[in-house]
2 protein chains.
Amino acid sequence: MMNLTFKQLRYFEALAHHAHFGRAAAACSISQPALSVQIKELEQQLNAILFERGARQVRLTVFGEALALRVRDILRSVDELEDLARASRDRLVGRLRIGIIPTIAPYLLPAIIKELSRTHPGLDIHVRETLTQKLIQELTDGRIDAAVVALPVSEPSLNEVQLLSEKFVLVRPATDAGKPVPDRAALQEMKLLLLEEGHCFRDQALSFCNIRSAQPREGLDASSLTTLVQMVGAGMGVTLLPEMAVEVETRSTEVAIASFKDPQPSRTIGMIWRNTNPLGRELLRISDVVREAINPPRSR
Amino acid sequence: MMNLTFKQLRYFEALAHHAHFGRAAAACSISQPALSVQIKELEQQLNAILFERGARQVRLTVFGEALALRVRDILRSVDELEDLARASRDRLVGRLRIGIIPTIAPYLLPAIIKELSRTHPGLDIHVRETLTQKLIQELTDGRIDAAVVALPVSEPSLNEVQLLSEKFVLVRPATDAGKPVPDRAALQEMKLLLLEEGHCFRDQALSFCNIRSAQPREGLDASSLTTLVQMVGAGMGVTLLPEMAVEVETRSTEVAIASFKDPQPSRTIGMIWRNTNPLGRELLRISDVVREAINPPRSR
DNA sequence: GTTCATCATAAGAACAGGTTATTGCTGTCA
DNA sequence: TGACAGCAATAACCTGTTCTTATGATGAAC
């Protein structure tokens, strides 16, 4: 036994409307016998007579009338599917779940969200802030759509685009302001305060100092850059800070900022997403918006 | 360009549910390639990607999710169509529009409706009371489904079944109670009060008296049997009354009832409907119910 | 590197659904 | 009343869709 078909319902609707096989068939752009057969088929499927064929007129039966009401709704719903597809084809709509690491989030997120809301109104933006490794896991699991992290990630299943590069600066107690800037070797001798395990920024800082991450260190790891700066201000040591964080984190704390001499430490921030994600093009545009948001226009 | 298909939506729903082409295909009892092709087809129709094909998992896109919700509703609505058909297959449901002539309605309608309500609960009964000719017109126009009239109607497009036969009795002023019952010839000499033009009962009475309807008569026609009896009670003449009306109409009026000698006048009441009406079987059952309602069981 | 899992593609087979031609019925009109 | 006209059902045939099985491609796991 075959199943109901949209065609049958559309033909049925036409016949209910025209009450005439020939005209209904014409309205459906098919021949009259084709319509007859399909209506008959539909009646057999439903095991009910839908039309009363009089000598000179075709009339809906009581059941046919009841059916016509529902069929109309169904067909309209189907039409709406196509409308829905057409509407969401052009612009990205619906939900965008974006992940971002903690050493970026506080400084870039406001600008990103502001700009995305402007360029993609109606987009439902969800933000997840956690460590790179977790973000990658959530990305591959499909729990988020994209993430802003430090590159490179080097996951073959993930697409990555660069957003910006930024230097790291040295943060030391305000009393050290005048002293010469240490080089990488000198830095190894100083008390370097770092984020706890898992933050990529920790690894980048260690890497700059030529210190292997596995090397045991005393338990002075902080859980945020804010804490790090506070610790420096308290004279507990020195630390590195990405440039974007400087303004926010040193605003109310007495510390001294110094740029390194070449080779300057730095990190590259980028956006990543599953390369299987069919919204790739949209995400690329999203990344452009984000880049625009965080790289202030040159005119200023 | 082809149109959307129910199959595609069902396949889509299955794949959205299983998130696995092979298992979804099995659930649909088709091969995996068939499912792949249909999903691809659906995506082309909607010009949107519905699933993100990862290496090890299939996942709905944002749009796919939005679609899945609507598709589910649509498919459930379609399933309900079949339920609806199945439910209305057995018993007559919905609306029954029944016509009945004025010389029957007051006497039989209460019993008919009572019995129909008992045997066909949930049936929405509409009643139309008017002359036979109008009923026939409305029947062929599809404005009513069946009618209770005096037979024969002799419309080839209408089905008719008998319900009962009943005699006509003579109604004359109470003062005439003892007088001999006139025969047809004597009746012609009396002042015979009749219903107005159009009532079949008028024609039947005239026919009994061998008077041609076209014959001019003074303007004493009444519009209801009640009025006729009142006129007889007032001494304006005599009239005929179908048996079923006797009890109701003479209850509070001083008139004398007399049966005719053979050949007694009578009429046959029947039910008629379009013979193209697919509910013919149901209507036959309805007629049985009606017959049962108006012919009191023999046991009493 | 090999194997496994999984989806896409290809080619042939089966079938649904279309067409035109024809039949059959009914009501209309001369 | 008999020929005709209108209309739906049926028949015969044809075509395009949509299955099936077989095979290819690709990424993940061992």
Side-chain angles (χ1 to χ4, degrees), chain A residues 1-12 14-16 18-45 49-60 136-137 140-141 154-159 274-278, chain B residues 1-12 14-16 18-45 49-60 136-137 140-141 154-159 274-278:
Chain A
M1 166 190 167
M2 237 283 298
N3 248 328
L4 284 191
T5 305
F6 271 132
K7 279 186 191 170
Q8 290 171 349
L9 295 191
R10 295 204 184 278
Y11 295 173
F12 167 72
L15 184 54
H18 288 100
H20 186 287
F21 278 76
R23 284 190 280 277
C28 296
S29 305
I30 58 172
S31 64
Q32 170 264 314
L35 185 86
S36 280
V37 169
Q38 288 304 316
I39 294 295
K40 187 181 172 189
E41 183 76 11
L42 179 62
E43 287 180 325
Q44 285 179 355
Q45 312 256 328
I49 298 182
L50 304 176
F51 293 95
E52 179 184 336
R53 280 86 155 165
R56 209 142 203 82
Q57 51 189 341
V58 174
R59 213 188 340 260
L60 275 173
I136 291 176
Q137 185 61 49
T140 54
D141 287 353
S154 301
E155 280 282 333
S157 68
L158 297 182
N159 228 327
R274 293 182 301 279
N275 47 27
T276 59
N277 192 329
Chain B
M1 166 188 165
M2 238 281 299
N3 248 328
L4 284 191
T5 305
F6 270 134
K7 279 186 191 172
Q8 291 171 349
L9 295 192
R10 296 207 183 275
Y11 295 173
F12 167 71
L15 184 55
H18 288 100
H20 186 287
F21 277 76
R23 282 189 281 277
C28 297
S29 305
I30 58 171
S31 65
Q32 170 265 315
L35 185 86
S36 279
V37 169
Q38 286 305 316
I39 293 296
K40 187 181 173 189
E41 182 76 13
L42 180 61
E43 287 179 325
Q44 285 180 355
Q45 312 257 327
I49 298 181
L50 303 176
F51 294 94
E52 179 183 336
R53 280 85 155 165
R56 208 144 203 80
Q57 52 189 340
V58 174
R59 211 188 341 260
L60 276 173
I136 291 176
Q137 186 60 50
T140 53
D141 287 352
S154 301
E155 280 282 334
S157 67
L158 296 182
N159 228 328
R274 294 183 300 279
N275 47 27
T276 59
N277 193 328

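Chain A is the first sequence line, chain B the second, and so forth, proteins listed ahead of strands; every chain is numbered from 1. As a basis for the values below, the full set of heavy atoms in this structure was taken, side chains included, without hydrogen atoms, waters or symmetry mates.
- Between Lys7(A) and dA16(C) there is no side-chain N or O to OP1 or OP2 distance below 4.0 Å.
- For Arg53(B), the salt bridge (Lys or Arg N to Asp or Glu O under 4.0 Å) criterion is met by Glu43(B), not counting sequence neighbours.
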Give every pair of a protein N or O atom and an N or O atom of nucleotides 8-15 of chain D that lie under 3.5 Å apart, one pair per line with the distance.
residue	atom	partner	partner atom	Å
dA8(D)	OP1	Phe21(A)	N	3.1
dA8(D)	OP2	Phe21(A)	N	3.4
dA8(D)	OP2	Gly22(A)	N	3.3
dA9(D)	OP1	Arg53(A)	NE	2.6
dA9(D)	OP1	Arg53(A)	NH2	3.3
dA9(D)	OP2	Ser36(A)	OG	2.7
dA9(D)	N7	Gln32(A)	NE2	2.9
dA9(D)	N6	Gln32(A)	OE1	3.3
dT10(D)	OP2	Lys40(A)	NZ	3.0

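- In this structure, CZ of Phe51(A) is placed 15 Å from C1' of dC7(D), rounded to the nearest angstrom.
- With sequence neighbours left out, Tyr11(A) forms a ring-ring contact (aromatic ring centres under 6.0 Å, His included) with no residue at all.
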Counting only pairs under 3.5 Å, give me each side-chain donor-acceptor contact of residues 25-35 of chain B, with atom names and distances, residues two or more places apart or in other chains.
residue	atom	partner	partner atom	Å
Gln32(B)	NE2	Ser36(B)	OG	3.1

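- The side-chain hydrogen bond (donor to acceptor under 3.5 Å, both in side chains) test applied to Gln137(A) returns Asp141(A), not counting sequence neighbours.
- Annotation: salt bridge (Lys or Arg N to Asp or Glu O under 4.0 Å) contacts of Glu52(A) (sequence neighbours excluded): Arg59(A), Arg274(B).
- Looking only at side-chain heavy atoms (C-beta outward), Phe6(A) and Asn3(B) stay at 4.5 Å or farther from each other.
- In this entry the distance linking CD of Gln38(A) with P of dA16(C) reads 11 Å, nearest Å.
- Residue Tyr11(B) is in sugar-phosphate contact alone, with no base atom involved, counting any heavy-atom pair closer than 4.0 Å across all strands shown.
- Taking atom CG of residue Leu35(B) and atom C1' of nucleotide dT20(D), one finds them 14 Å apart after rounding to whole Å.
- A close approach under 4.0 Å does occur between a side-chain nitrogen or oxygen of Ser31(A) and OP1 or OP2 of dT19(C).
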